[in-house]
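These notes concern the structure reproduced below.
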Amino acid sequence: MNVSGSLLALFLAVPAAVAQAGQASQGLSLEGVHNQEAVVPSQCYTRTEGRFNPCYTCHQSYQGTDRPNFMDDARLQGEYDFTDFAMTNHWTNLFRDRADKAKSISDEEISAYIAEDNYSALAGRLESLGWEGFIPDLDGLQLADEAFDEHGFARDGSGWVAFNYKPLPSTFWPTNGSTDDVMLRLPEKFRQASCQGEDGYSVDAYRANLAILEAAIKDLAEIESLPVDENAVCADLDGDGERTVISRLSRPTYYVGDAKDVPVAAMIYPEGTQFLHTVRYVGVSEDGEITHTPRMKELRYMKKLAFHDRDELREIYEQETGGEEGAEAVEDASAEEKPDEERLDSFSDTGHGLTNNFGWLVLGFIEDKQGDLRPQTKEEQLFCMGCHSTIGATIDQTFAFPRKVTGAEGWGYLDLKGMADAPNVGEIDGEILTYFERVGGGSEFRHNPEMQAKWFTEEGDVDRAKVQAADVYTLITPSPERALRLNKAYRVIVDEQSYIHGRDATMVPVENVFEEIDADESPLPDELHYDWDIRLDWSKTSGVAQK
């Protein structure tokens, strides 16, 4: 179904001025925005009750390290430091009872719906409408793993590469509503090597640069790679004084091939890096396995428009938080002292995505009432910008790639089966086990009874032995029955087109969430604040559990 002219006008009726790479942000108008604090996600309204802490996976401080994330917001764990406007929870879909509407959708109907392809027609529809933004160019993405070869390289030659990573706790766990995947693409010169006098694509250059990027983002001195012929890139990457076919390289000062003039920056992506992220329904195969669906709830896109080095990033963070003293700076920029318009002036609306001061463009497509993908509105995109701008846990505003299974075995489409519950860097217990213990449930909201029954005792304690014996797939996927219920609940939201009120696939009202924040609500005690690193220590496992 084509997007109507009136609907297109809604998407394109935004400021025409594009925030060019390297230029100052022009600010984001709040005109027409229902939730002026849409950058604050629904999870931030969780009742911690002075003992549950799901906040640590977003709010972190890394003072005294070389990490180029200077947000230093660990103090926000369990603290409701919002603007006056945000003291009211505007994610009202959390409090809707959609059980009756969902029951009117049969299992057969929802199964047929999620099996439909709503991706393939998107590019042509955008082109016919004169869309000037990013147009999806990865053929066959609706087919999930079938669109990629065994090493994750897109079969269509587009340069997109899928990687195997551990989903972030717990919004992106299938048991809480969606399956997903992430692909990245480096600029063309990172995929070429003309040092031997031959122009065009070089698999060796691309493999080498992908490995170098992974080492840089994870701040590793060396890393295993897919086989690379050093002769093809005219570089000795393992430092042995010879040029041979290697499968391990040391992190160099510069990228290789035609990108040999691009410096390698620790924990920062090079300009032009792109990400694709699909958010899909929870598929159920004939034998009851949880799978990806052809139908997408959302297609999300990010592109690094401008590179900022570590010193420049420090200045940007200081501007974002209003000062130079880390946590104290966040305090200085508190809700009461900073008008809503000023809090949003670090975003610019290009008409085909939002940009932030860190150099990233963020764009999303989401289902319309008929289930076709359409560009998200300005307010719908704000939902993504908060997490991809100023929270302490990210590495260069990203989540998934720092969580990739390290090295050669992590290049390939997402596969949770057999994946071990690796601990985070600096920890001993598995990440999911640790999350269960700190959060007291299988989601931020502690509203997943199936997870409670599977991994917790009747007394509410984590069944450590049972959790430690399971792989990631077993730990975070729902039963087929729950998967169908989640799909139906979200289908109701699609029919309502009520995304600005929340996208969580909840069937009944969520109890452990504030509708209104009490200003006198006590924060979590300091002893329940946790240090946490988004990266995983795969060396403490094989990377994969025994299948």
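Positions are given from 1 along the sequence.
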Name the one of Arg251, Arg310, Arg535 that satisfies salt bridge (charged side-chain N to carboxylate O under 4.0 Å, His left out) with Asp219?
Arg251

Hey, is the main chain of [Y] close enough, under 3.5 Å, to the side chain of [X] for a donor-acceptor pair?
{"X": "Thr434", "Y": "Gly430", "answer": "yes"}
{"X": "Asp73", "Y": "Gly392", "answer": "yes"}
{"X": "Asp236", "Y": "Arg243", "answer": "no"}
{"X": "Arg248", "Y": "Ile223", "answer": "no"}
{"X": "Glu230", "Y": "Asp238", "answer": "yes"}
{"X": "Trp538", "Y": "Thr541", "answer": "no"}
{"X": "Asp180", "Y": "Val279", "answer": "no"}
{"X": "Lys404", "Y": "Gly407", "answer": "yes"}
{"X": "Glu271", "Y": "Ala306", "answer": "no"}

Under 6.0 Å from the six-membered ring centre of Tyr490 and within 45° of its axis: does the NZ or CZ of Arg503 meet both?
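No - Arg503 does not lie over the ring of Tyr490 by the 6.0 Å and 45° rule.
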
Can you confirm if the NZ or CZ of Lys297 lies within 45° of the ring axis of Tyr281 and under 6.0 Å from the centre of its six-membered ring?
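The answer is yes; both the distance and angle limits are met.
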
Between [X] and [Y], does the ring centre distance come in under 6.0 Å?
{"X": "Phe190", "Y": "Tyr255", "result": "yes"}
{"X": "His277", "Y": "Phe172", "result": "yes"}
{"X": "Trp360", "Y": "Tyr269", "result": "yes"}
{"X": "Phe456", "Y": "Phe436", "result": "yes"}
{"X": "His292", "Y": "Tyr413", "result": "yes"}
{"X": "His388", "Y": "Phe358", "result": "no"}
{"X": "Tyr435", "Y": "Trp455", "result": "no"}
{"X": "Phe153", "Y": "Phe148", "result": "no"}

When Glu444 is tested against each of Thr171, Asn53, Thr46 for side-chain hydrogen bond (donor to acceptor under 3.5 Å, both in side chains), which residue passes?
Thr171

State, without any angle test, whether Thr457 and Asp463 hold a side-chain donor-acceptor pair at a distance under 3.5 Å.
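No, because no side-chain N or O of Thr457 sits under 3.5 Å from a partner of the opposite role on Asp463.
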
Between Ser539 and Asp537, is any side-chain donor less than 3.5 angstrom from a side-chain acceptor?
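Note: Ser539 and Asp537 side chains meet the donor-acceptor criterion.
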
Quick check on Tyr254: does its OH atom have over 12 non-hydrogen neighbours (other residues, nucleotides or ligands) under 6.0 Å away?
no

Above 12 or not: heavy atoms from other molecules or residues under 6.0 Å from CD of Glu188?
no

N-O pairing of [X] and [Y] below 4.0 Å:
{"X": "Glu427", "Y": "Arg438", "result": "yes"}
{"X": "Asp137", "Y": "Arg185", "result": "yes"}
{"X": "Glu431", "Y": "Arg403", "result": "yes"}
{"X": "Glu367", "Y": "Arg374", "result": "no"}

Looking at Cys195 and Cys234, is the distance between their SG atoms under 2.5 Å?
yes

Quick one: closest heavy-atom pair of Val284 and Thr291, and the distance?
N-OG1, 3.9 Å

The test is side chain to side chain donor-acceptor pair (under 3.5 Å); show your working for Tyr113 and Asn487 and say whether it passes.
CA-CA 10 Å; Tyr113 180 77; Asn487 292 335; over 6 Å; no

Is there side-chain contact between [X] and [Y], with heavy atoms separated by less than 4.5 Å?
{"X": "Arg482", "Y": "Asn448", "value": "yes"}
{"X": "Leu141", "Y": "Leu299", "value": "yes"}
{"X": "Ile110", "Y": "Arg491", "value": "yes"}

Steps toward salt bridge (charged side-chain N to carboxylate O under 4.0 Å, His left out) verdict (Lys488, Asp107)
CA-CA 9 Å; Lys488 293 176 184 179; Asp107 290 353; 2.6 Å; yes

Can you check salt bridge (charged side-chain N to carboxylate O under 4.0 Å, His left out) on Asp533 and Arg67, steps first, answer last?
CA-CA 11 Å; Asp533 196 315; Arg67 198 178 184 117; 3.4 Å; yes

